[in-house]
Amino acid sequence: KQNGRGFNANLHIVRTGQIDGSEKPLLEKSVQSAITWTGDQAVQVVFDNRQAVANGETKTGATLHVMTSRPDAGPIVDQEEVGIGPEDTAFEVQTRVTAAAVRLLERNLAKLRAGSVASPPQEESLATTFGRRRPEDGRIDWSLSAREIHNLVRAVTRPYPGAFTDLFGGKTYIWKTRVPGLAAHDTYPGEVRREGGGLYVACGDDHYLEILRLQRLASPRQVVRAS
């Protein structure tokens with residue numbers, strides 16, 4: 001979810017009498033979450049920026065908010081914006097958002113312990129939601145624009161499942177691409193062109209996407225640099 005202030009990475013404050021700070025570790029980490037216990041409160045960090053990158057967003061961020069009965073709907077405690085560059089991968093963005101989340105916790109833990117946190121409500125009219133991403137969502141639709149496909153590739157490239165196509169005689173993962181601004185007139189989406197050592201595929205906006213790194217499914221350890 002992107003909340004009412006445009007950020008889709010969230011920190012949740014959980015209020016429950018069943019959490020005992022003396023019996024829980026200070027910090028528990030996994031790939032997509034981290035939990036800090038402060039007495040009867042647990043601050044949970046949950047973030048996944050693949051959708052923001054796939055959408056071509058130019059910013060994301062971390063949001064600390066109170067957890068309510070509705071997911072990601074609680075009042076906002078604090079936020080920190082994180083920029084997304086046109087060539088950033090989701091993993092690179094995730095790394096920066098993680099650092100922002102740590103700074104949010106550092107800024108607010110003392111106030112959380114003291115119970116003196118101000119938390120204005122979210123602007124629900126500005127919120128947008130997205131479903132959970134699945135590996136099949138990485139299938140490339142060549143009728144999309146070169147930029148849209150490039151955004152998909154950088155959103156799901158390693159360590160995520162990857163974008164893939166059947167253009168090259170079997171399931172092939174595309175790990176890195178570039179938008180060269182090269183017009184593809186009199187072509188059809190998915191038409192392959194090799195020129196000057198480069199590999200290009202025509203897209204639905206009559207522009208080519210350059211394929212820089214690909215991998216056939218039958219060769220799990222072989223990654224080919226297309227140029």
Side-chain angles (χ1 to χ4, degrees), residues 1-2 6-9 32 47-61 81-97 126 128-227:
K1 173 182 176 179
Q2 288 188 325
F7 296 160
N8 69 344
Q32 294 187 19
F47 38 79
D48 187 338
N49 288 280
R50 286 176 291 175
Q51 193 65 54
V53 175
N55 287 352
E57 304 286 353
T58 59
K59 64 181 179 179
T60 182
E81 182 177 306
V82 174
I84 303 177
E87 305 300 325
D88 284 343
T89 68
F91 182 74
E92 291 168 337
V93 175
Q94 199 88 335
T95 300
R96 296 199 294 271
V97 171
L126 302 179
T128 55
T129 59
F130 303 98
R132 182 183 298 274
R133 293 198 65 86
R134 304 164 299 166
E136 184 61 26
D137 295 333
R139 181 177 292 278
I140 296 173
D141 178 359
W142 295 103
S143 68
L144 299 176
S145 70
R147 174 59 62 180
E148 287 173 314
I149 298 171
H150 176 66
N151 290 343
L152 172 65
V153 170
R154 63 194 183 95
V156 298
T157 192
R158 288 172 171 164
Y160 301 112
F164 61 91
T165 182
D166 297 322
L167 275 185
F168 304 101
K171 189 173 184 178
T172 302
Y173 287 93
I174 309 297
W175 296 113
K176 188 174 183 180
T177 56
R178 187 174 72 90
V179 181
L182 181 63
H185 301 307
D186 300 321
T187 61
Y188 58 87
E191 183 173 334
V192 178
R193 170 182 173 183
R194 296 179 183 272
E195 182 175 318
L199 178 63
Y200 305 86
V201 180
C203 303
D205 62 345
D206 291 331
H207 281 79
Y208 282 108
L209 181 69
E210 185 176 5
I211 311 300
L212 299 178
R213 192 170 300 165
L214 71 162
Q215 177 183 11
R216 289 289 299 274
L217 181 61
S219 305
R221 295 185 179 181
Q222 181 180 7
V223 177
V224 178
R225 294 181 183 273
S227 62

*Atom CG of Leu217 and atom CZ of Phe164: how far apart are they, to the nearest 0.5 Å?*
10.0 Å
*Tell me, which pairs form a side-chain hydrogen bond (donor to acceptor under 3.5 Å, both in side chains) where one or both residues lie in residues 181-190, sequence neighbours left out?*
none
*asked:* Any non-hydrogen side-chain atom of Glu195 less than 4.5 Å from a side-chain atom of Leu182?
replied: no
_Could you walk me through whether Arg194 and Tyr200 satisfy the side chain to side chain contact (heavy atoms under 4.5 Å, CB included) test, starting with their C-alpha distance in whole Å, then the side-chain angles of each, then the deciding distance to 0.1 Å, before giving a yes or no?_
CA-CA 6 Å; Arg194 296 179 183 272; Tyr200 305 86; over 6 Å; no
*Do the side chain of Arg50 and the main chain of Val156 share a donor and acceptor less than 3.5 angstrom apart?*
no
*Walk me through it: do Leu199 and Glu210 pass the test side chain to side chain contact (heavy atoms under 4.5 Å, CB included)?*
CA-CA 6 Å; Leu199 178 63; Glu210 185 176 5; over 6 Å; no
*Nearest 0.5 Å, what's the OG1-CD1 distance between Thr177 and Ile149?*
8.5 Å
*For the atom pair NE2 (His150) and CD (Glu87), what is the distance rounded to the nearest 0.5 Å?*
3.5 Å
*Just how far is it from atom CD1 of Ile211 to atom OG1 of Thr172, taken to the nearest 0.5 Å?*
10.0 Å
*Is it true that atom CZ of Phe168 has more than 12 heavy atoms of other residues, nucleotides or ligands lying nearer than 6.0 Å?*
yes
*Distance (rounded to the nearest 0.5 Å) between Asn49 CG and Asn55 CG*: 11.0 Å
*Nearest heavy-atom neighbours spanning Glu148 and Leu144*: OE1-CB, 3.5 Å
*Could you pull out the closest heavy-atom pair between Val153 and Ala163, with the gap in Å?*
CG2-CB, 3.9 Å
*Would you find a donor on one side and an acceptor on the other, under 3.5 Å apart, between the side chain of Arg158 and the backbone of Trp175?*
no
_Rounded to the nearest 0.5 Å, what separates atom CG in Leu167 from atom CD1 in Ile140?_
8.0 Å
_Shortest non-hydrogen contact from Leu152 toward Arg139_ = CD2-O, 4.0 Å
*asked:* For Val82, is there any backbone N or O sitting under 3.5 Å from a side-chain donor or acceptor partner on Thr60?
replied: no
_N/O donor-acceptor pair under 3.5 Å between Asp137 side chain and Arg134 backbone_ = yes
*Given the rule in the side chain to side chain contact (heavy atoms under 4.5 Å, CB included) test, do Val93 and Glu57 qualify, once you have shown the distances and angles that lead to the verdict?*
CA-CA 11 Å; Val93 175; Glu57 304 286 353; over 6 Å; no
*Can you list the residues that meet the salt bridge (Lys or Arg N to Asp or Glu O under 4.0 Å) rule with Arg133, with sequence neighbours excluded?*
none
*asked:* Give me the atom names and distance for the closest heavy-atom approach of Asp88 to Arg96.
replied: OD2-NH2, 2.5 Å
*asked:* Quick one, Lys176 with Thr89, criterion side chain to side chain contact (heavy atoms under 4.5 Å, CB included). Give me CA distance, side-chain angles, the key distance, then yes/no.
replied: CA-CA 10 Å; Lys176 188 174 183 180; Thr89 68; over 6 Å; no
Using distance only, find each side-chain donor-acceptor pair of residues 202-209 under 3.5 Å and give its atom names and separation, not counting sequence neighbours.
{"unit_1": "Asp205", "atom_1": "OD1", "unit_2": "Ala146", "atom_2": "N", "d": "3.3"}
{"unit_1": "Asp205", "atom_1": "OD1", "unit_2": "His207", "atom_2": "N", "d": "3.3"}
{"unit_1": "Asp205", "atom_1": "OD2", "unit_2": "Ala146", "atom_2": "N", "d": "3.4"}
{"unit_1": "His207", "atom_1": "ND1", "unit_2": "Asp205", "atom_2": "O", "d": "3.0"}

